[in-house]
Amino acid sequence: GQQLNQSPQSMFIQEGEDVSMNCTSSSIFNTWLWYKQDPGEGPVLLIALYKAGELTSNGRLTAQFGITRKDSFLNISASIPSDVGIYFCAGRYTGANSKLTFGKGITLSVRP
Amino acid sequence: DGGITQSPKYLFRKEGQNVTLSCEQNLNHDAMYWYRQDPGQGLRLIYYSQIVNDFQKGDIAEGYSVSREKKESFPLTVTSAQKNPTAFYLCASSRAATVYEQYFGPGTRLTVT
């Protein structure tokens, strides 16, 4: 099946710093979603993107649908301790009856 | 408050026993999904249902079964045929199968010994 690549597996930043993470695919996707998961909880939808080039913000979070339609980016500005968690990208590639594919996630740690 | 509930949060079973995980939603969503999450892995789709009384296999359906008798409920049974059942199970729903924004429940951690 289709795969989404998220790397690195872990990121460590200082409180107040900005952080950027990306998600790439070998196929063209027509939907990108970004989720955050706290330990032992279900993922929470942060941002949904449906159009190439689309830039959407949700508070300190900004996500972009890449122009090539094979990638997406998530930026977190002025990080705070509660930003700690696992950030997953998910996407749907073009194709009949295709379902969401999830990346393996990036674990973000924020040092106070 | 609208949302998805999964119960119980933690479940322990002996090997060889079937176990059913509950998922209920009051979002009036047509589509519901079951995923399995293992450490360091992305979510893998087990089963999904686009409408009541209809469901399809996902990528890893072997050893699992589901039913969708009511719009609000989509229980998952982990059977004794599932070789590695210990995992974190997540239920999700979306307004329709063609709407890709999925909303997740809090998950059930199943441990089989």
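Every chain is numbered from 1 and lettered A, B, ... according to where its sequence line falls, protein lines coming before strand lines.
- Under the 4.5 Å side-chain heavy-atom criterion for ILVMFWY residues, no single connected hydrophobic cluster contains both B:I4 and B:L21.
- Both B:L110 and B:Y47 belong to a single network of hydrophobic side chains, linked directly or stepwise wherever heavy atoms of I, L, V, M, F, W or Y lie under 4.5 Å apart.
- Of all the listed residues (A:A90, A:G103, A:G40), the one sharing the greatest number of non-hydrogen pairs under 4.5 Å with chain B is A:G40.
- Closest heavy-atom contact between A:L100 and B:Y100: CD1-O, 3.4 Å.
- In terms of hydrophobic clustering, with Ile, Leu, Val, Met, Phe, Trp and Tyr side chains grouped at heavy-atom distances under 4.5 Å, A:W32 and A:V19 are assigned to a common cluster.
- Contact annotation for B:L43: both backbone and side-chain heavy atoms come within less than 4.5 Å of a heavy atom of chain A.
- The neighbour count for A:K104 NZ, taken as heavy atoms of other residues, nucleotides or ligands under 6.0 Å away, does not exceed 12.
- Annotation for A:L33 and B:Q102: closest pair CD1-N, 4.5 Å, computed over non-hydrogen atoms.
- When the heavy atoms of residues 43-60 of chain A are compared with those of chain B, the residues falling under 4.5 Å are A:P43, A:L45, A:A48, A:Y50, listed by number.
- Counting heavy atoms of neighbouring residues, nucleotides and ligands inside a 6.0 Å radius, atom NZ of B:K9 exceeds 12 of them.
- Counting non-hydrogen atoms of neighbouring residues, nucleotides and ligands closer than 6.0 angstrom, the CD atom of A:Q14 exceeds 12 such neighbours.
- Heavy-atom neighbours of chain B within the stretch residues 105-112 of chain A, taken at a separation under 4.5 angstrom, are nonexistent.
- Under the 4.5 Å side-chain criterion, counting only non-hydrogen atoms from C-beta, B:Q56 is not in contact with A:K99.
- Atom CD of B:E101 is separated from atom OH of A:Y35 by 7.5 Å, given to the nearest 0.5 angstrom.
- Side-chain heavy atoms closer than 4.5 Å link hydrophobic residues (I, L, V, M, F, W, Y) into clusters, and following such links, possibly through other members, connects B:W34 to B:I60.
- Shown here for A:F88 and B:Q41, the closest heavy-atom pair between the two residues is CE2-O, 4.0 Å.
- Hydrophobic clustering (side-chain heavy atoms under 4.5 Å, transitive across Ile, Leu, Val, Met, Phe, Trp, Tyr) keeps B:V78 apart from B:Y33.
- Annotation: B:E62, atom CD; neighbour count of heavy atoms from other residues, nucleotides and ligands within 6.0 Å does not exceed 12.
- At least one side-chain heavy atom of A:Q37 sits under 4.5 Å from a side-chain heavy atom of B:F88.
- Residue A:I80 places its CD1 atom among more than 12 non-hydrogen atoms of other residues, nucleotides or ligands, all under 6.0 Å distant.
- Counting heavy-atom neighbours within 6.0 Å of A:Q9 CD, excluding the residue itself, gives a total of 12 or less.
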